Amino acid sequence: MTETPSPSSPKVCSYEGSGYRTEFWEGQGRDYEDRTERVALRRLLPPQGRRLLEVGAGFGRLTNEFKGYDQVILLDYSSTLLREAQQRLGKSDRYVYVAANLYQSPINDGVCDAATMIRVLHHMADAPAALAQVRRSLAPQAVFILEFANKRNVKAILRHLVRRQANSPFDRTPLEFVELNFNFHPQYVYDVLSSLDFEITRVLALSYLRVGLLKRAIPTDWLVKVDAILQHTGAWGAFSPSVFTRNVVQSTTPAANFDGPLFKCPQCGATDWLEDSHKLHCNHCDTDWAIEDGIYNFKSPINAD
Ligand SMILES: C[S@@+](CC[C@H](N)C(=O)[O-])C[C@H]1O[C@@H](n2cnc3c(N)ncnc32)[C@H](O)[C@@H]1O
């Protein structure tokens, strides 16, 4: 389902009330994908850190990979998926659950030393704007692990060569194959990341073996082992359906702000808050944002007209 949260926001692919966990993952034959993504994360992400922002965390499928971080912020547009994440991970200061639109992210500048964004960019109609929001929340030298769906993959190239696919996998424009589902050319993504002052330090090519026949015929353990070897070929060029990148913030702005306020008001940008157990009140623009049983809701203010 698509939503237009505000006139200034691009459309959003809403997972509110969706069965993403049970209908896409659990018991749905995707152990290979889940396990290879964990292999990639362990290779790319520093094992320890202060605060990690998990962008589009969903139901927290991958959050147990971030055990070495003092705090994990799970940001997602879907309150229902965040509620499932909270049920899996529990309520504690280590996990901060934030329902928000990434395009209007409430996460303050420079407050994180790591971020991940897995299986999320493909829903971004304005990828540069979305990635700029992630970048803003990162301190100098922070590490950002970004996964994206690759339009220049082997299957698309072969189909294009035998004229079974009209659009060219070599064209750098993002391809919207279903509404709010985009495949990206690697160079397009690398250019956006570079323009945001990220240095791309490693590329892994994932899911070459994501073929129904192979998944049925070959034990998952073997597929994962072969995938783990093939992932390294990303260094020479990614032609796989899924690509993981490790990106390091190069510039010195914004400065690290680990001890400052975690949130900035999506309405006015101020960071002067009054918090009680039910709401955050912005002292600058007098907007109230709900805290619903441990989940911060920045999707729309309580006192909106
Ligand atoms: C395919 S799911 C991936 C979830 C999780 N990263 C995983 O791999 O299991 C995409 C997620 O992105 C979230 N999402 C999509 N657009 C968003 C936006 N504009 N702001 C915040 N989250 C968004 C959805 O709610 C959904 O949970």
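First listed ligand is number 1; within each ligand, the first listed atom is number 1. Keep in mind that what you see is a predicted model, and the values were worked out from it rather than measured.
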**Asked** When you check the side-chain N and O atoms of S242 and E147, is any donor under 3.5 Å from an acceptor?
**Response**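 E147 and S242 do have a side-chain donor-acceptor pair below 3.5 Å.
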**Message:** Within the 3.5 Å criterion, strictly below it, is a donor on S79 or E292 matched to an acceptor on the partner's side chain?
**Reply:**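 No.
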As a test of reading the model: which N/O atoms of the protein lie under 3.5 Å from N/O atoms of ligand 1, and at what distance?
residue  : atom   : partner : partner atom : Å
ligand 1 : 6 (N)  : G56     : O            : 2.7
ligand 1 : 6 (N)  : I118    : O            : 2.8
ligand 1 : 8 (O)  : R61     : NH2          : 2.8
ligand 1 : 9 (O)  : R61     : NE           : 2.9
ligand 1 : 19 (N) : N101    : OD1          : 3.0
ligand 1 : 20 (N) : L102    : N            : 2.9
ligand 1 : 22 (N) : Y77     : N            : 3.1
ligand 1 : 25 (O) : D76     : OD1          : 2.5
ligand 1 : 27 (O) : D76     : OD1          : 3.2
ligand 1 : 27 (O) : D76     : OD2          : 2.7

**F258: partners by side-chain contact (heavy atoms from CB on, under 4.5 Å), with sequence neighbours left out** =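 F258: side-chain contact (heavy atoms from CB on, under 4.5 Å) contacts with R50, D113, A139, A256.
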**Asked** Got a sec, which residues hit ring-ring contact (aromatic ring centres under 6.0 Å, His included) with Y188, two or more places apart in sequence or on another chain?
**Response**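 ring-ring contact (aromatic ring centres under 6.0 Å, His included) list for Y188, sorted by chain: F184.
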**Request:** Would you check, one step at a time, whether the test salt bridge (Lys or Arg N to Asp or Glu O under 4.0 Å) holds for K225 with D221?
**Result:** CA-CA 6 Å; K225 282 190 180 125; D221 281 354; 5.6 Å; no
**Asked** Other hydrophobic cluster members with L81, side-chain heavy atoms of Ile/Leu/Val/Met/Phe/Trp/Tyr under 4.5 Å, chained?
**Response**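 Under the 4.5 Å side-chain rule, L81 groups with Y15, Y20, F24, W25, F59.
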